[in-house]
Protein chains: 2
Amino acid sequence: MPSETPAAYDPSAYPPFAVTVDLVVLTIRAGALRVLLVRRATEPFAGRLALPGGFVQIDEDLLPAARRELAEETGVRLGRAHLEQLGTYGHPDRDPRMRVVSVAYLALVPDLAQPVAGTDAAEADLVPVAAVEPLDRLAFDHGRILADGLERARAKLTYTTLATTFCPPEFTVTELRAVYEAVWGTTVDPRNFHRKVLASDGFVEPTGETTTRGGGRPAQLHRQGSAEQLHPPLTR
Amino acid sequence: MPSETPAAYDPSAYPPFAVTVDLVVLTIRAGALRVLLVRRATEPFAGRLALPGGFVQIDEDLLPAARRELAEETGVRLGRAHLEQLGTYGHPDRDPRMRVVSVAYLALVPDLAQPVAGTDAAEADLVPVAAVEPLDRLAFDHGRILADGLERARAKLTYTTLATTFCPPEFTVTELRAVYEAVWGTTVDPRNFHRKVLASDGFVEPTGETTTRGGGRPAQLHRQGSAEQLHPPLTR
DNA sequence: GCAAAAGTGTTACCCTTACACCCATGT
DNA sequence: ACATGGGTGTAAGGGTAACACTTTTGC
């Protein structure tokens with residue numbers, strides 16, 4: 001906010017930018033961490049995979065814009081999803097059409113059972129992150145944004161309780177453990193994991209119900225705990 | 001990046017935004033964590049304290065814009081400063097003049113011995129964060145940005161080696177400890193701190209020189225280590 | 001009964017914390 | 001000598017990791 005312009009506030013006197021939001025939507029399906037990508041139908045980068053996103057409206061705040069795009073592209077209702085700002089990307093040449101600054105958001109959502117159909121024409125897919133083509137093949141600088149989103153997601157899972165946002169409304173401790181194993185491709189000791197999760201205050205809350213959907217002895221069902229706070233590092 | 005506009009790419013067809021960078025510049029002086037604030041000379045918010053910042057130029061990337069503003073406002077040369085993106089603030093009403101999206105950066109710098117004289121006319125001051133007036137008295141949404149910056153800085157100091165960026169090129173372990181004590185207003189056991197810092201690989205490197213500037217037994221001098229990475233949590 | 005998954009107990013080990021103690025300088 | 005801060009040794013306690021073991025279901 002400079003003091004260079006004492007008199008008139010003519011917007012056209014300042015460099016005009018377009019502002020977009022782009023979304024790194026992560027979920028877990030079939031034991032794999034996946035990211036929502038769309039196939040671009042138009043130039044530039046026609047035919048290339050890209051992150052979903054779109055222009056911010058002139059009277060719209062950034063987070064609502066991201067929420068709107070998430071809803072439009074995935075149909076996810078928001079109580080169950082985590083959405084946070086990831087970073088802003090504004091290299092002058094990132095969009096060949098014009099000067100665009102894009103605010104990227106990171107979304108962690110439970111497995112979207114409904115096949116994801118974007119309202120925009122392009123085809124949409126949940127791609128396992130391990131199988132995403134070389135990142136520089138993505139449109140714009142979306143490879144970098146995706147890499148940053150994955151790094152952020154992995155970091156936050158280690159010191160927050162966010163892993164529960166990948167789970168359905170009711171889940172077992174084993175299902176929660178599967179989240180960690182999917183995100184890092186490692187295995188975690190089930191016994192120690194079980195204890196740590198239950199010992200961590202506000203991580204999960206028992207519903208009182210049980211399920212045998214995993215086979216074997218019935219497991220307690222839990223829902224997301226109240227604490228979205230930091231907690232002692234888990235696993236790794 | 002939508003596919004809504006197949007044919008012409010007329011920039012004026014998209015909502016026009018102004019984009020600025022704002023800086024949360026933190027340093028430590030006289031045992032207190034301080035933030036660089038400027039007194040606004042012009043409307044809106046004339047006379048109010050604000051974060052330094054300014055408009056991004058049309059062909060300028062965001063980080064260089066922040067670097068430029070930092071250099072212009074503080075004269076800090078960049079090898080010794082840490083600069084990272086903090087977040088982006090774009091509420092439609094945050095600037096009464098027009099729609100402005102501001103990308104905030106967080107800078108951690110060693111004590112700027114030279115009195116900070118902004119190139120922009122406004123008066124500039126290093127204000128102890130404990131003494132900053134109520135945050136909602138700052139111009140625009142800068143109170144929120146400052147709060148977010150402080151939270152980020154405290155978080156990063158706990159699990160990275162960034163505290164060294166507050167120190168002069170050569171410093172003693174005790175001087176580094178003073179950083180932690182200033183940031184949290186607590187005391188830290190000097191003996192255990194000493195060992196932990198030296199045990200943490202890449203945190204600091206001994207120069208071989210010693211100093212008695214703190215009084216008492218001469219202390220080894222160190223410089224910033226090579227690892228700007230995560231390390232086991234320190235203190236607290 | 002047997003396989004499979006849920007959940008508990010136990011122990012070795014590591015890291016942190018607290019604090020006693022020694023070291024090297026200025027005055 | 002003594003005050004002041006720099007630096008090392010050490011032992012108690014808490015948390016983690018490894019893994020043996022018990023529980024409860026389906027088939």
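Chain A is the first sequence line, chain B the second, and so forth, proteins listed ahead of strands; every chain is numbered from 1.
Side-chain atoms of A:Thr207 come within 3.5 Å of backbone N or O of A:Leu221 as a donor-acceptor pair.
Side-chain N/O atoms of B:His222 and B:Gln220 include no donor and acceptor closer than 3.5 Å. Side-chain atoms of B:Asp22 and B:Ser102 include a donor-acceptor pair closer than 3.5 Å.
Counting only heavy atoms from C-beta on, B:Arg177 has its side chain closest to D:dG6 among C:dA5, D:dC19, D:dG6. Proximity note for A:Pro218 (side chain, C-beta onward) versus D:dT25, C:dA6, C:dT25: the nearest is D:dT25. Distances from the side chain of A:Ala219 to the nucleotides D:dA18, D:dG6, C:dG7 place C:dG7 closest.
Contact check, B:His194 against D:dG6: no side-chain N or O comes under 4.0 Å of OP1 or OP2. At the phosphate of D:dG15, neither OP1 nor OP2 sits under 4.0 Å from any side-chain N or O atom of A:Lys196. Using a 4.0 Å cut-off, no side-chain N or O of A:Thr212 falls inside it from OP1 or OP2 of C:dA5.
With the nearest nucleotide of DNA chain D identified for both B:Thr172 and B:Arg195, B:Thr172 has the one nearer the 5' end.
Note: CG (A:Leu176) to P (C:dG7) measures 12 Å, nearest angstrom. In this structure, A:Asn192 atom CG and C:dT10 atom P are separated by 15 Å, rounded to whole Å. In this structure, A:Asp201 places its CG atom 13 Å from P of D:dG15, rounding to the nearest Å. One interatomic measurement links the two molecules: CG of A:Asp189 to P of C:dA6, which rounds to 13 Å at whole-angstrom precision. As rounded to whole Å, 14 Å separates atom P of C:dT25 from atom CD of B:Glu209. In this structure, A:Gln220 places its CD atom 11 Å from P of D:dT25, rounding to the nearest Å. With rounding to whole Å, B:Leu221 atom CG is found 14 Å from C:dT25 atom P. Atom CZ of A:Phe193 is separated from atom P of D:dA18 by 15 Å (rounded to the nearest Å).
Within a 6.0 Å sphere centred on CZ of A:Arg152, other residues, nucleotides and ligands contribute more than 12 heavy atoms.
Counting distance only, with no hydrogens placed and no angle test, the side-chain atoms of A:Arg191 and the base atoms of D:dT22 include no donor-acceptor pair under 3.5 Å. Between the side chain of B:Arg213 and the base of D:dG5, no donor-acceptor pair of N or O atoms lies under 3.5 Å. Residue side chain A:Arg217 does not reach the base of C:dA5 through any donor-acceptor N/O pair under 3.5 Å, judged by distance alone.
Checked against the 6.0 Å centroid threshold, B:Tyr89 and B:Phe140 do not count as a close aromatic pair.
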